[in-house]
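So you know, we letter chains A, B, ... as the sequences are listed, proteins then strands, and number each from 1. Heavy-atom basis, side chains included; hydrogens, waters and symmetry copies ignored.
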Number of protein chains: 2
Amino acid sequence: MSLRGEVVAIGDELLHGALLDTNSKWLAGALERVGVVAQRFTVTGDDPALCKEALAGACERADVVVVTGGLGPTLDDRTRDVVAELLGGPLWFDEASWQQIHDWLHRRGRPVPESNRRQAMLPPGARALDNQVGTAPGFAVRVGRATLFAVPGVPREMQDMVQRHVLPATAALPGLTPTAHWWLRVLGPSEAALGERIEAWMVPGRNPAVGITASGGLLTVRVVGTAATAAEAEAACAATAAELRGLLGDWLFAEGNADLPELLVQQLTARGATVALAESCTGGQIAAQLVDVPGASAVLRGGVVAYSNACKTELLGVPTALLDQHGAVSEPVVEHMAAAIRERLDATFGVATSGIAGPEGGTADKPVGTVCFALATAAGVRSWTLRIPPLGRKFVRDRAVYEVWRALLAAQRAPTD
Amino acid sequence: MSLRGEVVAIGDELLHGALLDTNSKWLAGALERVGVVAQRFTVTGDDPALCKEALAGACERADVVVVTGGLGPTLDDRTRDVVAELLGGPLWFDEASWQQIHDWLHRRGRPVPESNRRQAMLPPGARALDNQVGTAPGFAVRVGRATLFAVPGVPREMQDMVQRHVLPATAALPGLTPTAHWWLRVLGPSEAALGERIEAWMVPGRNPAVGITASGGLLTVRVVGTAATAAEAEAACAATAAELRGLLGDWLFAEGNADLPELLVQQLTARGATVALAESCTGGQIAAQLVDVPGASAVLRGGVVAYSNACKTELLGVPTALLDQHGAVSEPVVEHMAAAIRERLDATFGVATSGIAGPEGGTADKPVGTVCFALATAAGVRSWTLRIPPLGRKFVRDRAVYEVWRALLAAQRAPTD
């Protein structure tokens with residue numbers, strides 16, 4: 001028997017377009033690492049009746065329910081009230097929690113509004129989970145056969161509380177099923193063609209399960225395995241990945257259990273290599289995604305968002321004549337950009353992108369979706385052009401970013417550049 | 001009576017950490033513009049039993065249910081099968097849909113795998129919704145009292161199909177309640193202090209509803225109103241916003257129904273102004289967020305991701321002596337950066353950031369969270385320093401990005417710079 005998890009995210013702002021729920025994905029990943037398999041996420045608004053229905057359903061279906069949000073000091077924060085109602089008892093005032101809230105605000109020289117007292121109210125039978133990053137304490141309570149954890153909606157507060165309280169308490173529950181995953185990254189075939197190639201692995205009920213995800217031109221073959229121990233789950237995934245690897249051949253350009261920018265930072269770091277970027281059509285997205293990875297400062301020398309021709313000439317010394325003769329979206333121009341940024345910032349790799357993301361700007365010669373790439377190394381500069389399907393500005397840019405990860409990861413594997 | 005909407009997103013990749021569900025938020029926004037109020041999002045995996053339970057619940061609670069994902073050609077795509085089972089009848093083969101899939105692949109010179117035939121199977125009573133961006137047709141079908149729309153999970157295919165089919169069909173349903181929203185952006189107070197100030201507006205059942213969202217140091221006061229017509233809903237929101245505006249005073253730095261980068265691009269465009277960026281600790285995030293806004297190329301001249309000192313001297317001409325004397329995180333250095341990028345790229349505004357995002361790099365003098373900003377205009381350069389609470393790398397960076405939006409929006413309001 002395995003433990004089933006559900007996440008319930010509460011907040012009108014999540015339903016009505018003000019905020020994207022990123023907590024559920026993070027929580028599911030954290031729960032799965034201790035052996036609770038996520039089976040559903042629910043996002044609901046602040047309305048108490050709808051909240052209560054969502055929580056009641058989750059507590060009936062799952063063994064572990066994590067509720068995020070609705071613990072703030074304001075009147076639209078109603079998680080405590082709803083859980084108390086679900087349990088059929090009144091809230092009680094937890095003096096110890098109030099002391100912590102008071103001290104937290106006091107230490108920071110902030111006023112201690114009376115409204116914060118609401119945050120020290122707990123449902124019957126609940127145990128407070130202290131918050132070291134903000135004022136809202138969380139709580140843990142039994143609801144029927146489920147263990148319910150209520151944690152804040154602010155991601156940094158939520159993550160800290162989950163790591164200090166929810167994961168240790170969950171890991172102590174009986175009946176856990178450790179899970180492991182492995183991702184194989186593919187560029188080239190259509191989703192259907194990839195699906196046919198690995199069809200025999202994509203059968204319902206298989207363990208490890210094999211599935212395909214398509215995102216911005218990138219295909220990911222997901223391998224997810226469960227077993228009695230984490231090590232066995234990992235070994236099962238590795239065995240399935242080895243079978244798939246042979247079938248994927250050249251389509252496969254990266255694999256692991258990390259995102260592509262993270263993989264690249266790991267590999268660059270291991271090699272002591274650095275990268276410098278000259279981004280035109282990708283507009284800083286490559287840099288921003290790298291900077292998100294802790295430790296990026298050791299490998300990213302910096303870059304230029306060369307969104308205008310002035311930028312290309314002023315910051316990268318691309319000759320006006322070159323731009324006039326070939327246009328900004330051309331292999332000679334990206335070659336110059338990549339070599340210039342590599343040299344100026346003294347990096348191992350210089351990368352440049354220039355393309356037409358659309359919707360305007362295409363010509364017969366260079367339709368929307370045309371993107372030129374260059375990679376400069378100590379051995380010289382190489383350039384190439386992709387005709388990315390013109391499926392929208394974001395699609396073209398995302399596909400171009402994936403192409404850069406592909407090229408840089410391939411360069412790590414090259415003997416010496 | 002108002003129409004209630006729910007979104008069900010299907011896919012193991014959404015539950016198990018491979019992909020973030022961004023479709024539900026987009027769909028809820030689109031539905032609300034035609035008058036359907038979102039009351040719940042559900043994310044479920046590919047398991048048919050769990051899928052069926054999620055869909056059945058949504059169809060019982062809501063008037064309009066949009067299901068995204070699970071329409072692909074591979075065996076783990078089971079939305080059609082689950083809906084057919086829910087309706088208690090067999091799938092049927094839609095010749096017209098198959099012809100469209102065939103033609104779509106053929107026109108692109110791609111092979112037509114037999115597995116794509118699965119995509120032309122429809123549940124009993126369903127009407128096909130053609131896909132002009134990919135191969136998977138969607139469908140519309142009545143399930144109990146709900147109208148269910150099944151659309152692809154790939155965002156660009158989903159959005160195209162929703163705009164061409166789902167919204168027109170939904171707008172024709174009886175019982176619609178037009179909704180409008182308005183966001184007031186606040187930097188400064190704590191969430192509790194803000195909540196106390198506007199407490200009288202945050203009562204359950206109020207229309208327009210008023211709520212607060214906290215994200216990376218930014219507080220957003222959300223005003224959401226419903227009325228018989230879209231114009232009346234907008235007027236009601238405007239009236240509530242006017243009441244709040246007086247209470248918020250200096251805390252308020254922007255408002256509207258668009259995201260901050262979008263607001264800024266609108267205002268810069270209206271004024272014919274341009275911006276150039278020299279980003280150190282924000283690492284390209286400001287550029288990337290601007291480039292995401294259509295029309296950004298008219299206002300963004302370009303920028304430098306000056307992540308290393310070499311970058312600051314090589315690309316922006318910051319004298320080594322200045323870096324040695326004051327350090328990279330200092331007002332003299334950001335002033336030089338902002339002025340240099342403004343001049344080199346011939347922009348109206350030059351902006352520079354340099355700070356210590358952490359977790360390492362802090363000193364007694366300049367603890368983690370110290371960020372220096374500079375804004376250069378024709379009138380000169382102004383710099384200032386924030387001590388951002390050291391609540392994690394991402395928090396510091398996000399708060400720094402918000403500060404730049406604040407400063408640039410304020411600069412738009414200044415008489416002449």
Side-chain angles (χ1 to χ4, degrees), chain A residues 12-13 15-20 25 28-29 38-44 50 72-76 110 113 115-116 133 154 156 190-193 195-196 202 211-215 220 222 224 283-285 287-288 291 300-308 310-311 314-315 344-345 391-392 395, chain B residues 12-13 15-20 25 28-29 38-44 50 72-76 110 113 115-116 133 154 156 190-192 195-196 202 211-215 220 222 224 283-285 287-288 291 300-308 310-311 314-315 344-346 391-392 395:
Chain A
D12 277 347
E13 68 270 27
L15 281 183
H16 303 306
L19 205 64
L20 182 68
K25 174 175 183 270
Q39 65 180 14
R40 189 191 285 212
F41 305 159
T42 305
V43 175
T44 175
L50 294 173
T74 57
L75 292 174
D76 56 352
R110 307 196 80 149
S115 57
N116 275 113
V133 184
V154 177
R156 66 186 185 283
S190 70
E191 187 183 351
E196 285 195 5
M202 294 177 67
I212 297 174
T213 304
S215 167
T220 300
R222 292 170 288 104
V224 183
Q285 209 176 317
V291 169
L300 176 62
R301 298 287 289 171
V304 164
V305 181
Y307 215 55
S308 58
C311 205
E314 261 303 317
L315 298 176
R344 291 203 173 182
L345 301 186
L391 299 173
F395 180 84
Chain B
D12 277 347
E13 67 271 27
L15 280 183
H16 303 306
L19 205 63
L20 181 68
K25 175 175 181 272
Q39 64 179 13
R40 189 191 284 213
F41 305 159
T42 305
V43 175
T44 175
L50 293 174
T74 57
L75 291 175
D76 55 353
R110 306 197 80 149
S115 55
N116 275 113
V133 183
V154 177
R156 66 185 184 283
S190 70
E191 188 183 349
E196 286 196 5
M202 294 177 67
I212 298 174
T213 304
S215 167
T220 300
R222 293 169 288 104
V224 182
Q285 209 176 316
V291 169
L300 176 62
R301 297 287 289 171
V304 164
V305 181
Y307 215 56
S308 59
C311 206
E314 262 302 317
L315 297 177
R344 290 201 174 184
L345 302 186
D346 190 23
L391 299 172
F395 180 83

**Q** Does some side-chain heavy atom of B:Val304 sit less than 4.5 Å from a side-chain heavy atom of A:Leu315?
**A** yes
**Q** Looking at CG of A:Leu345 and CZ of A:Arg301, how far apart are the two atoms once the value is rounded to the nearest 0.5 Å?
**A** 6.5 Å
**Q** Among the options B:Arg344, B:Gln285, B:Glu191, pick out the one with the most heavy-atom pairs lying under 4.5 Å from chain A.
**A** B:Arg344
**Q** Select, from B:Gly302, B:Gly303, B:Pro73, the one with the greatest count of heavy-atom pairs under 4.5 Å involving chain A.
**A** B:Gly303
**Q** Determine the option with the most heavy-atom pairs under 4.5 angstrom with chain B, choosing from A:Phe41, A:Phe395, A:Tyr307.
**A**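 Winner by heavy-atom pair count: A:Phe41.
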**Q** When heavy-atom pairs shorter than 4.5 Å are enumerated against chain A, which of B:Gly72, B:Pro113, B:Ala306 gives the highest number?
**A** B:Pro113
**Q** So which part of A:Arg156 gets closer than 4.5 Å to some heavy atom of chain B, the side chain, the backbone, both or neither?
**A**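 Side chain only.
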**Q** For the interface with chain B, which of A:Val133, A:Leu300, A:Val154 has the highest count of heavy-atom pairs at distances below 4.5 Å?
**A** A:Leu300
**Q** With side-chain contact (heavy atoms from CB on, under 4.5 Å) as the criterion, how do B:Ile212 and B:Met202 come out once you've worked through the C-alpha distance, each side chain's angles and the decisive distance to 0.1 Å?
**A** CA-CA 9 Å; B:Ile212 298 174; B:Met202 294 177 67; 3.8 Å; yes
**Q** Nearest 0.5 Å, what's the OG-CG distance between A:Ser190 and B:Asn116?
**A**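 Spacing of OG (A:Ser190) from CG (B:Asn116) equals 7.0 Å.
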**Q** Can you tell me how far CG of B:Leu19 sits from CZ of A:Arg222, rounded to the nearest 0.5 angstrom?
**A**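 Here the rounded value is 9.0 Å.
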**Q** With a 4.5 Å cut-off on side-chain heavy atoms, are B:Leu50 and A:Arg40 touching?
**A** no
**Q** Could you tell me which portion of B:Glu196 (side chain, backbone, both or neither) has an atom closer than 4.5 angstrom to a non-hydrogen atom of chain A?
**A** side chain
**Q** Among B:Gly283, B:Gly211, B:Gly195, B:Ala214, which residue has the highest count of heavy-atom pairs closer than 4.5 Å to chain A?
**A**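 Between B:Gly283, B:Gly211, B:Gly195, B:Ala214, the count favours B:Gly283.
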**Q** Go through the atoms of B:Arg110 and report whether side chain, backbone, both or neither lie under 4.5 Å from a heavy atom of chain A.
**A**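 Looking at B:Arg110, just its side chain touches chain A.
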**Q** Please round to the nearest 0.5 Å and tell me the distance separating atom NZ of A:Lys25 and atom CG of B:Leu20.
**A**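 A:Lys25 NZ to B:Leu20 CG: 6.0 Å, rounded to 0.5 Å.
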